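Scroll down for the structure; my scribbles are underneath it.
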Amino acid sequence: MKSWKLLAASALGVALMAGNASASTLDTIKERGKLLCGSNGKTAGFSAPDANGKMAGFDVDFCRAISAAVFNDPDKVEYVPLTSKQRLTALQSGEIDVLSRTTTMTMSRDAGMGLSFAATTIYDGQGFMVAKKLGVTSAKELDGAAVCTRTGTNTELNMADFFNKNKMDYKPVVFEDRSEERAAFFSGRCDVMTADLTGLAGVRANAPGNPDDYAILPEVISKEPLSIAVRSDDAEWFSLVRWVTYALINAEEMGITAANVEKMKMSQDPAIQRLLGVNGNLGEKIGLSNDWAVRAIGAVGNYSEIFERNIGTNSPLKIERGINALWSDGGILYAAPVR
Amino acid sequence: MAIINSQPLPSRPAPVNNSGLIFWLRSNFFSSPLNTVLTAVCLYGLWQVLPGLVDWFFLSATWAIYGPEGNASEITNQTVAACKEAGGACWSLISVKHRFMLFGFYPQDEQWRPMVTCFLLVGMMMASGIRRFWHPVFLLVWLATLVVSFVLMAGGLFGLTEVPTSKWGGLPLTLGMAVLSVAFSLPFGILLALGRRSEMNFIRTLCICYIELIRAVPLISILFMASFLLPLFMPEDLTINKLLRAQIGIILFASAYMAEVIRGGLQAIPKGQYEAADAMGLTYWQATRKIILPQALKISIPPIVSTIIGTFKDSSLVVIIGLFDVLNTVRIAFSADPPWTPFYMESYFVGAAVFFIFCFGMSHYSQWLEKQLDTGHKA
């Protein structure tokens with residue numbers, strides 16, 4: 001009896017939830033009134049609670065920008081916290097609309113999983129950090145070193161590949177958790193710590209003594225283009241996410257900031273006029289209003305503002321722009337033109 | 001002539017060797033050469049560890065928050081600097097982060113809602129311990145509490161703003177999951193246990209299959225199934241709330257264990273009790289409800305409470321599917337804010353304290369309950 005009622009109730013629930021099967025992602029989001037953004041919630045600088053317990057960070061700001069472009073309100077986002085194992089399934093199964101969660105674009109993820117990477121937000125890579133007093137200046141001198149790393153990540157595999165390729169011995173010291181790894185490194189249980197450069201920078205910046213006692217070695221042993229992913233079944237939604245991201249990068253190139261975006265509408269530069277929707281109707285082509293970029297930039301600022309606020313040299317993580325500088329400043333950040 | 005002392009002699013103190021501190025020390029710590037050695041080793045260990053621990057925990061610890069009010073980054077800088085200077089435990093972490101530790105991502109302005117929920121749930125748990133309240137009406141009160149708690153947390157009614165479950169976290173999440181797990185797994189467990197002892201073949205086989213299947217897989221794999229596989233089997237635009245999926249997984253798991261615990265109790269009831277019930281002409285359900293279950297549940301109290309405590313602690317496994325239970329929020333409080341990362345021990349102490357309070361409370365309650373219900377019959 002009890003189980004029948006349960007069954008009936010769940011069947012009803014299923015019927016209620018399975019409405020409008022063929023609606024586009026954008027329509028679904030508008031109808032729902034909020035964007036479902038897959039996030040992490042525990043990576044400092046990328047997505048983590050701020051002082052008020054609200055989700056904030058570099059990854060989070062791209063979701064806020066999309067929300068601003070769609071709703072003219074950066075806060076119409078529901079952040080769905082996901083583990084690294086869950087994130088792709090959650091996107092495939094429609095639990096989230098967009099995944100902005102330090103996810104590396106790789107071929108196996110892009111092809112054959114029903115996912116597409118709309119835009120790369122930051123170019124990361126795996127590196128090594130040592131105490132300067134060891135006198136090591138290159139990762140090639142690390143023969144026989146004890147290396148701190150975390151278990152079950154690509155980091156461990158990349159490290160093994162690197163040491164084998166260079167015919168060096170090493171002793172892995174593996175941890176479950178970044179804080180334990182960090183404590184072990186600073187207490188001298190290992191000579192080297194390996195992780196993504198963004199992670200290493202954060203650990204170094206908050207060293208117990210002087211951060212300058214530690215150095216990040218020049219070798220970068222893996223490519224980690226961290227990108228925003230969407231489902232492959234909706235090309236229009238893919239374009240929207242891609243161009244909102246590109247708009248933020250282009251805004252930096254054109255010197256448009258959150259503070260001056262309204263003033264910039266008066267600019268005589270045709271490229272700025274097109275981006276800000278003063279001329280043309282590019283916004284309508286991705287299903288938005290023509291001031292889509294004004295809304296996004298006004299809400300979160302341009303790429304440089306997002307970077308500096310969350311992970312840049314003035315934030316606790318103190319990460320340099322490095323290769324993530326604009327192509328015109330010697331980096332590799334290059335967004336296709338809005339025209 | 002006999003001299004008879006009519007007054008009793010005043011009692012003399014026991015010999016030094018048989019009483020007092022020295023005796024107690026001798027009989028408890030130095031009763032044999034082996035014990036003497038062990039005592040010495042333990043004393044040496046304490047002497048090595050205790051001063052450092054006390055110093056870290058209390059003497060060099062920092063409790064206060066430094067820096068101008070309202071300026072989060074200045075507060076962090078100055079407080080962390082003060083903690084590093086003092087060198088001991090940095091309990092200031094709790095002062096700064098207690099809100100996130102307790103309530104996770106729940107909106108700050110609405111913080112009273114999870115707080116009231118916690119008080120409601122804890123209050124009801126304590127009230128359930130009082131035998132005077134054991135009455136069918138009390139079940140309705142519980143039901144009302146759960147509904148009120150849910151409305152408080154979720155909002156969307158009575159002018160409360162809606163808060164999606166993805167923002168729930170911390171203590172209310174842990175408590176809520178524990179309460180719901182117990183509320184469902186206990187009745188399911190009873191039914192399964194009765195079913196497994198049923199004379200109806202089909203029902204018995206069904207119950208055995210269920211119990212053995214669930215007990216043969218770890219909770220982690222059930223949670224993984226609920227969180228990864230289930231969504232893939234569903235139509236694409238149909239998603240079941242992640243929290244609900246995890247909760248159902250935990251209930252399914254706890255029910256199987258509860259069933260075996262209660263079956264143990266059922267088996268301990270002497271056959272005469274069943275026969276006496278039959279002889280009085282009671283139906284199966286009358287006999288079960290009035291004679292068998294009250295005795296069976298009474299003798300199963302210790303293992304039932306163990307299972308409940310286990311379920312409570314297992315709830316922190318939801319961290320692997322990205323839910324923020326109290327252990328996880330305590331962790332994020334330091335790990336997601338780089339300046340605080342050196343103070344992870346302090347955070348884990350908070351997590352341990354929360355779990356200790358609840359688990360210790362439950363286990364003591366069960367001992368008290370056993371005494372209350374003791375009728376002197378030892379089966």
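Please read all numbers here as calculations on a predicted model, not as lab measurements. The chains referred to below are lettered A, B, ... by the order of the sequence lines, with proteins before strands, and numbering in each begins at 1.
Atom CZ of residue F71(A) and atom CD1 of residue I66(A) lie 11.5 Å apart, to the nearest 0.5 angstrom. Rounding to the nearest 0.5 Å gives a distance of 9.0 Å between CZ of R321(A) and CD1 of I311(A). In this structure, CG in L99(A) is found 8.0 Å from CG in L115(A), a value given to the nearest 0.5 Å. Taken to the nearest 0.5 Å, the CG atom of L252(B) stands 10.0 Å off from the CE atom of M225(B). Taken from CZ in R204(A) to CG in L197(A), the straight-line distance is 12.0 Å, to the nearest 0.5 Å.
Interface remark: V319(B) contributes backbone and side-chain atoms alike to the contact with chain A (heavy atom separation under 4.5 Å). Using a 4.5 Å cut-off between heavy atoms, Y348(B) touches chain A through its side chain atoms alone. With a threshold of 4.5 angstrom between heavy atoms, A205(A) does not approach chain B through any atom at all. Using a 4.5 Å cut-off between heavy atoms, K42(A) touches chain B through backbone and side chain atoms alike. Interface remark: D50(A) contributes no atoms to any contact with chain B (heavy atom separation under 4.5 Å). Interface remark: P81(A) contributes backbone and side-chain atoms alike to the contact with chain B (heavy atom separation under 4.5 Å).
Listed by chain and residue number, D61(A) satisfy the side-chain hydrogen bond (donor to acceptor under 3.5 Å, both in side chains) test with N310(A) (two or more places apart in sequence, or in another chain).
Looking at K34(A) and D75(A), no side-chain N of the basic residue comes within less than 4.0 Å of a carboxylate O on the acidic one, giving no salt bridge.
When the candidates F100(B), F103(B), F105(B) are compared by the number of heavy-atom contacts under 4.5 Å with chain A, F105(B) comes out ahead. Listed options G169(B), G104(B), P339(B) were ranked by heavy-atom pairs under 4.5 angstrom with chain A; first place goes to P339(B).
For a heavy-atom cut-off of 4.5 Å, chain A lies close to F324(B), N328(B), R331(B), I332(B), F334(B), S335(B) in residues 324-335 of chain B.
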Report task. Step by step, work out the side-chain contact (heavy atoms from CB on, under 4.5 Å) result for F253(B) and I250(B). Result -> CA-CA 5 Å; F253(B) 187 79; I250(B) 295 176; 5.6 Å; no

Query raised in the report: Are S181(B) and Q247(B) close enough, and set up right, to give a side-chain hydrogen bond (donor to acceptor under 3.5 Å, both in side chains), and what steps lead you there?
Result: CA-CA 7 Å; S181(B) 305; Q247(B) 179 71 70; 3.2 Å; yes

Query raised in the report: Yes or no on side-chain hydrogen bond (donor to acceptor under 3.5 Å, both in side chains) for D59(A) and S47(A), after CA distance, side-chain angles and deciding distance?
Result: CA-CA 6 Å; D59(A) 283 346; S47(A) 62; 5.0 Å; no

